[in-house]
Number of protein chains: 2
Amino acid sequence: MTKPKKKSALSEKDGVSQPKSTSRDSISKLKNKRKKQPSSEELSDAILKGDKVALSRAITLIESINPEHTHKANKIIEACLPSANNSIRIGITGVPGVGKSTFIESFGSYLTSIGKKVAVLAVDPSSSISKGSILGDKTRMESLVKNDNAFIRPSPSGDSLGGVARKTRETITLCEACGFDTIIIETVGVGQSETAVHSMVDFFLLLKLAGAGDELQGIKRGIMEMADAIIINKADGDNINRAKQAKVDFTRALHLYPPKENDWTPKVITASAYEKTGIAATWELVLQYLDLTIKNRFFEHKRIQQNKQWLVQTINERLKSNFYNHQEIKTSLTQQLELIEQNKISPFAAADYLFKLYNRT
Amino acid sequence: MTKPKKKSALSEKDGVSQPKSTSRDSISKLKNKRKKQPSSEELSDAILKGDKVALSRAITLIESINPEHTHKANKIIEACLPSANNSIRIGITGVPGVGKSTFIESFGSYLTSIGKKVAVLAVDPSSSISKGSILGDKTRMESLVKNDNAFIRPSPSGDSLGGVARKTRETITLCEACGFDTIIIETVGVGQSETAVHSMVDFFLLLKLAGAGDELQGIKRGIMEMADAIIINKADGDNINRAKQAKVDFTRALHLYPPKENDWTPKVITASAYEKTGIAATWELVLQYLDLTIKNRFFEHKRIQQNKQWLVQTINERLKSNFYNHQEIKTSLTQQLELIEQNKISPFAAADYLFKLYNRT
């Protein structure tokens with residue numbers, strides 16, 4: 001997969017899967033335009049000055065599987081770390097069709113209108129299968145994407161949720177160092193990615209629809225419990241009364257859960273991303289939450305717990321990427337899988353063989 | 001945690017968490033009784049001759065986190081591998097209260113009555129929290145536990161589902177080498193353990209209750225799709241008509257799924273583990289499935305795919321256990337977690353530090 005090394009501005013993309021549509025013409029145009037690949041110092045300096053282009057390029061390095069890029073990315077992260085950590089991180093989940101993109105567009109635009117700098121990221125491990133990604137279709141956030149005080153980045157692709165989550169965590173750090181004070185992390189409401197996102201945000205929002213006939217059933221156990229607020233979206237037109245009823249139902253349902261460690265009672269509000277109602281109210285909830293949890297020190301406590309989790313997850317991911325990206329292991333793993341295919345070796349014996357090889361080199 | 005090394009028959013338990021109730025008296029009695037710890041050769045020879053005591057001791061070695069025991073366990077597994085693989089592996093899941101234990105007791109007793117040798121294992125990662133486990137209360141399977149042709153082993157405890165699953169996979173190998181031709185693996189119907197169990201069995205059974213008012217809702221998406229058969233349990237007394245209705249409903253629901261790769265149409269039957277009805281019919285279903293999938297070669301294909309997954313999972317587990325059980329890493333990890341607690345280091349910098357240390361030693 002790795003091409004011969006050329007000093008090209010595009011070489012940092014070697015480790016990242018690229019869409020096939022890039023034409024040869026535009027590649028050579030870009031090559032002429034950007035002759036020199038910036039160093040990690042140049043990139044981190046630019047990021048700390050708020051340069052979104054540098055931020056994008058550094059994130060591409062984080063997402064690359066090329067070890068040189070990883071090394072460079074680590075240096076940039078290290079330089080950015082002292083300036084990170086000064087943001088509010090908000091997670092947003094909800095099943096497909098609930099209107100997450102439109103909500104984030106309205107919410108993000110509102111936040112920039114009151115002076116915030118907003119970065120929108122995504123965690124979507126399923127995108128590694130389809131090679132598509134949520135937020136990939138940036139036209140869904142037309143006005144936000146053109147906004148100087150907003151930065152939108154689609155979900156990185158990756159083989160595992162762990163890998164995708166690691167990349168997103170590191171990206172948060174760079175966005176914060178770049179001056180973004182509000183980080184929104186989107187995830188689709190299916191699978192384990194909610195837990196991953198929950199473990200990297202301060203405030204977790206669940207978007208729901210009213211009148212879909214499944215107000216209370218069908219909600220995955222655990223996700224309701226994670227939510228700090230539930231937004232009944234699309235509360236407009238004919239839907240308003242049903243949304244109000246859903247608000248009552250959800251509020252009642254939330255009261256059945258035991259009180260949270262942070263003394264926060266999860267709130268339910270109705271909103272219409274389309275009519276832009278409930279958007280300021282959502283931010284108001286976030287501020288109330290911050291006020292409470294900064295005073296009772298839960299905010300700090302939670303970040304420390306998250307940092308501990310990040311350490312373990314970073315280690316686990318790195319153990320795997322070191323192993324599977326090891327050149328000799330790559331070759332031998334393919335051979336061992338073929339032997340398994342032919343029923344000539346057991347998985348345990350194959351693992352033994354690979355570990356002996358790994359420990360020797 | 002590790003005690004000074006003594007040549008004792010009980011030392012193989014050092015790496016396994018033990019209940020506190022073991023009295024000093026009984027320890028010294030046991031010490032006198034079993035003076036010599038059997039070698040891995042002695043254990044594997046005995047296992048291959050069908051010795052259940054040797055089997056139990058070898059499984060204890062698999063479950064141990066003591067590296068010496070792991071080494072010994074690996075040697076035993078290696079010796080057993082050529083004699084393994086000759087069994088039918090059946091997974092059984094269902095939410096707590098559905099009557100899994102009673103069903104397994106009836107089903108297992110029926111199987112031994114027709115000449116089968118039955119091993120019952122469990123995968124329950126939640127038990128690592130409570131230190132209890134499913135199947136832990138063996139009195140729930142009173143007659144099976146006393147049956148010479150049955151072997152019952154509770155879920156191993158462990159920090160992660162991956163670890164628990166690895167231990168169970170290795171245990172399957174030993175049970176097969178010990179002559180058990182039917183392996184039943186129980187899991188609780190909550191969480192990710194179903195996927196783990198599904199990846200290690202040939203046939204996957206879902207136990208359900210009728211008349212609980214939640215026939216179709218509340219079933220986790222994915223689990224229905226994994227099932228090769230659904231057993232409506234407790235179809236006795238007043239419940240018979242509701243069970244029949246549930247059978248119709250589930251059969252209809254199953255038809256909504258796309259046909260399976262193996263050409264098998266999942267079946268629904270009613271059973272009463274208590275009245276021992278539907279038990280022979282369940283086995284009949286398994287035989288029909290085997291007949292079909294051995295002919296169309298799906299059986300072999302699935303085992304090969306599972307072996308490939310086992311390889312990757314075995315590698316991932318071993319990468320982690322090598323790292324976290326490394327003596328210097330253990331000490332340093334504790335220190336780094338303390339620094340994170342005091343906000344003195346970032347998780348990424350801490351991971352870097354630990355990897356530099358790990359690669360040096």
Side-chain angles (χ1 to χ4, degrees), chain A residues 73-74 77-78 80-82 84-85 160 162 166 169-170 173 190-192 214 217-218 220-222 300-301 303-320 322-324 329 333 336-343 345-355 358-359, chain B residues 73-74 77-78 80-82 84-85 160 162 166 169-170 173 190-192 214 217-218 220-222 300-301 303-320 322-324 329 333 336-343 345-355 358-359:
Chain A
N74 285 341
I77 294 167
E78 211 169 306
C80 286
L81 272 169
N85 226 17
S160 70
R166 175 189 58 78
R169 284 193 301 268
E170 295 178 355
T173 301
V190 287
Q192 288 290 298
D214 64 342
Q217 75 198 45
K220 282 211 286 178
R221 207 194 293 246
E300 191 193 340
H301 168 74
R303 286 234 169 153
I304 286 173
Q305 294 311 313
Q306 288 177 338
N307 278 342
K308 289 182 179 176
Q309 286 173 35
W310 290 20
L311 171 59
V312 173
Q313 288 162 2
T314 304
I315 291 171
N316 293 348
E317 268 312 304
R318 200 135 133 196
L319 286 169
K320 284 196 256 180
N322 285 352
F323 186 88
Y324 292 108
I329 291 293
L333 181 60
Q336 295 300 312
L337 286 170
E338 274 164 23
L339 290 174
I340 287 178
E341 179 86 42
Q342 296 155 20
N343 250 327
I345 198 169
S346 82
F348 309 116
D352 256 357
Y353 174 84
L354 290 168
F355 268 89
Y358 188 57
N359 291 332
Chain B
N74 285 342
I77 293 166
E78 212 170 305
C80 286
L81 273 169
N85 226 18
S160 70
R166 176 188 60 75
R169 284 192 301 270
E170 295 178 354
T173 301
V190 289
Q192 289 288 299
D214 63 342
Q217 76 198 43
K220 281 211 287 181
R221 207 193 295 244
E300 191 193 340
H301 168 74
R303 285 236 168 151
I304 286 173
Q305 295 310 314
Q306 288 177 338
N307 278 341
K308 289 181 179 177
Q309 287 174 34
W310 289 20
L311 171 61
V312 173
Q313 289 163 1
T314 304
I315 290 170
N316 293 350
E317 268 312 304
R318 199 134 134 196
L319 285 168
K320 284 196 256 179
N322 285 352
F323 187 88
Y324 292 108
I329 290 295
L333 181 60
Q336 296 299 313
L337 286 170
E338 274 166 21
L339 291 174
I340 287 177
E341 179 86 41
Q342 296 155 22
N343 250 328
I345 197 169
S346 82
F348 310 116
D352 257 356
Y353 174 84
L354 290 169
F355 269 89
Y358 189 56
N359 292 331

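Proteins come first, then strands; the chains are lettered A, B, ... in the order of their sequence lines, and each starts at number 1. Being a predicted model, the structure only gives us computed values, none of them experimental.
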| task | Using a 4.5 Å cut-off on heavy atoms from C-beta on, say whether the side chain of A:Gln342 contacts that of B:Ile304. | result |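 No, their side chains stay 4.5 Å or more apart.
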| query | So, do B:Asp352 and A:Glu78 sit near enough that their side-chain heavy atoms are less than 4.5 Å apart? | reply |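 When only atoms from C-beta onward are counted, A:Glu78 and B:Asp352 do touch, with a gap below 4.5 Å.
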| field | Selection from A:Ile77, A:Asn74, A:Val312 maximising heavy-atom pairs under 4.5 Å formed with chain B | value |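 Ranked by contacts with chain B, first place is A:Val312.
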Tell me, for [X] versus chain B, whether the close heavy atoms (under 4.5 Å) come from the side chain, the backbone, both or neither.
X        : answer
A:Ile345 : neither
A:Leu354 : side chain
A:Asn316 : both

| query | Do you see a donor-acceptor pair shorter than 3.5 Å between the side chains of A:Asn322 and B:Tyr358? | reply | no
| Exercise: identify the closest heavy-atom pair between A:Ser346 and A:Ala349 | OG-N, 3.0 Å
| query | How far apart are the closest heavy atoms of B:Thr314 and A:Ala351, and which atoms are they? | reply | CG2-CB, 3.7 Å
| Is the side chain of A:Arg166 donor-acceptor paired with the backbone N or O of A:Ile315 at a distance under 3.5 Å, no angle test? | no
| request: Count the heavy-atom pairs under 4.5 Å between each of B:Gln306, B:Lys308, B:Arg318, B:Arg169 and chain A, then report the option with the highest count. | output: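 Sorted descending by pairs with chain A, the first entry is B:Arg318.
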| Region of B:Leu81 in contact with chain A, defined by heavy-atom distances below 4.5 Å | side chain
| request: Give, as side chain, backbone, both or neither, the part of B:Glu170 having an atom under 4.5 angstrom from any heavy atom of chain A. | output: both
